[in-house]
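Following: one structure in structure tokens, then a few remarks.
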Amino acid sequence: AQSVTQLDSQVPVFEEAPVELRCNYSSSVSVYLFWYVQYPNQGLQLLLKYLSGSTLVKGINGFEAEFNKSQTSFHLRKPSVHISDTAEYFCAVSFQGAQKLVFGQGTRLTINP
Amino acid sequence: KAGVTQTPRYLIKTRGQQVTLSCSPISGHRSVSWYQQTPGQGLQFLFEYFSETQRNKGNFPGRFSGRQFSNSRSEMNVSTLELGDSALYLCASSFEGAGNTIYFGEGSWLTVV
């Protein structure tokens, strides 16, 4: 079975500091990887996705993620965060051919001024 | 281009009642899926429909059902509501094809009392 683990449930950082949100997955088959963001009382918005090719993926709002196949990880990073980045972030996987996402438990990112 | 639209946004139901939630996908999207989000269980896949046929199903009891119409609009129904069914129900749509971005609506907040 496939699963996704987000290693931190909450991450507090200061404004303009760098941040890394960690995600590991388990799968016996090739997967596609996604990061979604959820602002309060809203649905999910796609930040970025990895399908194939370059392991460094750039997304919206200055976020990027790196796929590491040997470590089965897909960590999300941003070099300098802003107050507006306060939200919950979800890592997800899908399997080739399936329009279905398996999500991690989410990481709540809190930005302190 | 309009996004995924869900109605109603908020509703309160009594235990034992049933509820129907509606979803209009992005124009041209034929795959529609539903997810349940709760604080305890996180984001869980309910089912996915494509061309009026259920293609994938999550691990939920038979009280949870859905359908898709010829115009790709979808409804999900929960019968004999339980307190534990209180959740945010998210609808998502995508083009057919592995790895295609899955777009989410803002969700329907269901409270069962």
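Hydrogens, waters and symmetry mates play no part in the numbers below; they use all other heavy atoms, side chains included. All figures in this text were calculated on a predicted structure; none of them were measured in a lab. Letters A, B, ... mirror the listed sequences (proteins, then strands); counts begin at 1.
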Problem - Residue part contacting chain A, namely of Leu90(B), when any heavy atom lies under 4.5 Å - result: side chain

Exercise for the section: Tell me whether the centres of the aromatic rings in Phe67(A) and Tyr50(A) are closer together than 6.0 Å. Expected result: yes

Exercise for the section: Take the angle between the ring planes of Phe104(B) and Phe103(A) and call it parallel below 30°, perpendicular above 60°, tilted in between. Expected result: perpendicular

Problem - Heavy-atom pair count under 4.5 Å with chain B, highest-scoring of Leu33(A), Leu44(A), Val102(A), Leu46(A) - result: Leu44(A)

Exercise for the section: Answer with yes or no whether the side chains of Asn68(A) and Ser70(A) bring together a donor and an acceptor at under 3.5 Å. Expected result: yes

Practice task
Side chain from CB out, backbone as N, CA, C, O: work out which of these in Gln41(B) comes under 4.5 Å of a heavy atom of chain A, or both, or neither.
Solution key: backbone

Practice task
State whether a side-chain donor-acceptor pair under 3.5 Å links Thr80(B) with Gln18(B).
Solution key: no

Practice task
May I ask you to check whether Arg22(A) and Ser73(A) show a side-chain donor-acceptor distance below 3.5 Å?
Solution key: no

Handout entry: Which portion of Thr101(B) sits near chain A, non-hydrogen atoms under 4.5 angstrom
Key = both

Practice task
Please state whether the side chain, the backbone, both or neither of Leu101(A) comes within less than 4.5 Å of a heavy atom of chain B.
Solution key: both

Practice task
Locate the shortest heavy-atom distance separating Gln68(B) from Val32(B); write the atom from each residue and the value.
Solution key: NE2-CG2, 3.6 Å

Fill in the blank from the handout: Cut-off 4.5 Å, heavy atoms of chain B, and the answer for Lys100(A) is both

Practice task
Give, as side chain, backbone, both or neither, the part of Gln45(A) having an atom under 4.5 angstrom from any heavy atom of chain B.
Solution key: neither

Handout entry: Toward chain A, the part of Tyr35(B) with a non-hydrogen atom under 4.5 Å
Key = side chain

